[in-house]
2 protein chains.
Amino acid sequence: MDKLEDYKRPSVAVDIVVFTIMHGRLKVLLIKRGREPFKDLWCLPGGFVRIDESPENAALRELKEETGIKDLYLEQLYTFGKPERDPRGRVISIAYFALVDSTKIKPAVTGEEGIKKIGWFDVDFLPDLAFDHKEIITYALKRLRYKLEYTAVGFELLPDKFTLTDLQKLYETILGEKLDKRNFRKKAMAMGIVEKTREQRKGSHRPALLYTFRKKASSSAFKQVKFEK
Amino acid sequence: MDKLEDYKRPSVAVDIVVFTIMHGRLKVLLIKRGREPFKDLWCLPGGFVRIDESPENAALRELKEETGIKDLYLEQLYTFGKPERDPRGRVISIAYFALVDSTKIKPAVTGEEGIKKIGWFDVDFLPDLAFDHKEIITYALKRLRYKLEYTAVGFELLPDKFTLTDLQKLYETILGEKLDKRNFRKKAMAMGIVEKTREQRKGSHRPALLYTFRKKASSSAFKQVKFEK
DNA sequence: CCTGTTAGTGTCTTTGTAACACTATCTTAT
DNA sequence: ATAAGATAGTGTTACAAAGACACTAACAGG
């Protein structure tokens, strides 16, 4: 009864939801499928877990293979395993949630061999997606918003040096609401999660101080969880 | 490259961490292994996912088979997938997190066929465990404490009718700290997550009013997430 | 009816959250 | 040189939630 051979084994895959912020919009990385099923539909980057690698390494490997992305924040999201979720057969997929700073994305990521195309899509305007990938993205989005409110994960989406306005815009973009500038800055400073540098960013207006993220205090809540009656 | 046949498939299992409160202590359900590897060591209830069932159903089925437990709160916890976690070969395990009210546990759950024994263990005094099950329990405990602070999941551990003292003791047991009686009751009432019944529980002292859980307001925070500097 | 035991209740202080508007500094155009 | 445009940066007050704290009430049993 406990022998591994007694059971038909499902295939195990990983799918990764990679978020970034581009031009003030939250984007997800998608790949155009080159073959059936769902040929020419968009889907999440991912692939099968090899027999000797951990799911997390599979996720990192697939991301590198398919998109060249290397340094990113990665965490396990949820395992999707309904028997009918893949028309090819039984595939259980461990979904991952990733964040990248858009300045680190390689520009030449489109049209590799002409078979696959990859693209960044605005989360509010997603195309039709293969498999249950829409559901996975919805789940990831929920997690992103949730995490943003009570952890300092947002820094993963910014370059090493950023202005407080950058940081605030990031929060506003993801949470979908305006935040008060003074309260936002007060809180960021009070929590000690950002640190001043001596550099400035210039434009045709008053220059802004650049800040860096202080990893030490990273476990703090940025905004307290809302209290519903 | 995308054919399912091209890949060696891992086995996929589920493991369930079932918590209950007995005699004011937090307990986990464990099973004594009847065969190698790790014969006679304790482990989490669980088993392999069948080719045509969802992981969640596998978890429910295994729990019923092994322990007779039927009605419980169940949610996916995390998928453990390091290649070396099972000496029999590659096994990826989807861990679940479950809560049962101890009054619903069948008493005759020990010594089925004399092969397997099952038992409830105090989380602070766990025996040696098979596989990486210790790690899984640690992870589940973290999740339990975390969820208790910001959701109303604690009710899953109580019978339908309970006193506010019962509820408070439950929180104290799991969080491992004393809570203030007046503040606790004030908050429980203010949030509207409990409802008075007209029944009382008697003892050799002042009788206590019984309350029920109001499912409507279940998404509220019971205690706000702590804010660390 | 006294004792033991648990149930039940209110106020004040502290802390965090939310609302709110003006000045400062730079660039560019005239 | 200076005015206009644009973004950076800053403090106070009011409100809401959390935390600390101690006594009275109701029952059973002796």
In whole angstroms, the gap separating P of C:dA19 from CG of A:Leu179 amounts to 11 Å
Here the distance between atom P of D:dT10 and atom NZ of A:Lys186, to the nearest Å, is 13 Å
Heavy-atom nearest nucleotide on DNA chain C taken for A:Asn183 and for A:Lys202; more 5' hit belongs to A:Asn183
Residues at least two apart in sequence or cross-chain that pass salt bridge (charged side-chain N to carboxylate O under 4.0 Å, His left out) with B:Arg206, listed by chain then number, are none
B:Arg182 atom CZ is separated from C:dC12 atom C1', nearest whole Å, by 11 Å
Under-3.5 Å N/O pairs linking protein and nucleotides 5-8 of chain C:
unit_1	atom_1	unit_2	atom_2	d
C:dA7	OP1	B:Thr165	OG1	3.1
C:dA7	OP2	B:Thr165	OG1	3.1
C:dA7	N7	B:Lys181	NZ	3.4
C:dA7	N3	B:Arg206	NH1	3.1
C:dG8	OP1	B:Leu209	N	2.9
C:dG8	OP2	B:Arg185	NH2	2.4
C:dG8	O5'	B:Arg185	NH2	3.3
C:dG8	N7	B:Lys181	NZ	2.7
C:dG8	O6	B:Lys181	NZ	3.4

Item to complete: State whether the side chain of B:His133 and the backbone N or O of B:Leu44 hold a donor-acceptor pair below 3.5 Å, judged by distance alone.
Response: yes
Exercise for the section: Using a strict cut-off of less than 4.0 Å between a Lys/Arg side-chain nitrogen and an Asp/Glu carboxylate oxygen, indicate whether B:Glu56 and A:Lys82 qualify as a salt bridge. Expected result: no
A:Lys187 NZ to C:dA19 C1', in whole Å, measures 15 Å
B:Met189 atom CE is separated from C:dG10 atom P, nearest whole Å, by 12 Å
Whole-Å distance, B:Asp180 CG to D:dC23 C1', equals 13 Å
To the nearest angstrom, the CG-C1' distance between A:Leu175 and C:dA18 comes to 16 Å
Applying side-chain contact (heavy atoms from CB on, under 4.5 Å) to B:Ala208 and not counting sequence neighbours gives B:Thr163
Whole-Å distance, A:Lys196 NZ to D:dA8 P, equals 15 Å
Note: A:Asp128-A:Lys134 ion pair, threshold 4.0 Å (strictly below):
no
Tell me if the CG atom of A:Asp124 is crowded by more than 12 foreign heavy atoms within 6.0 Å. yes
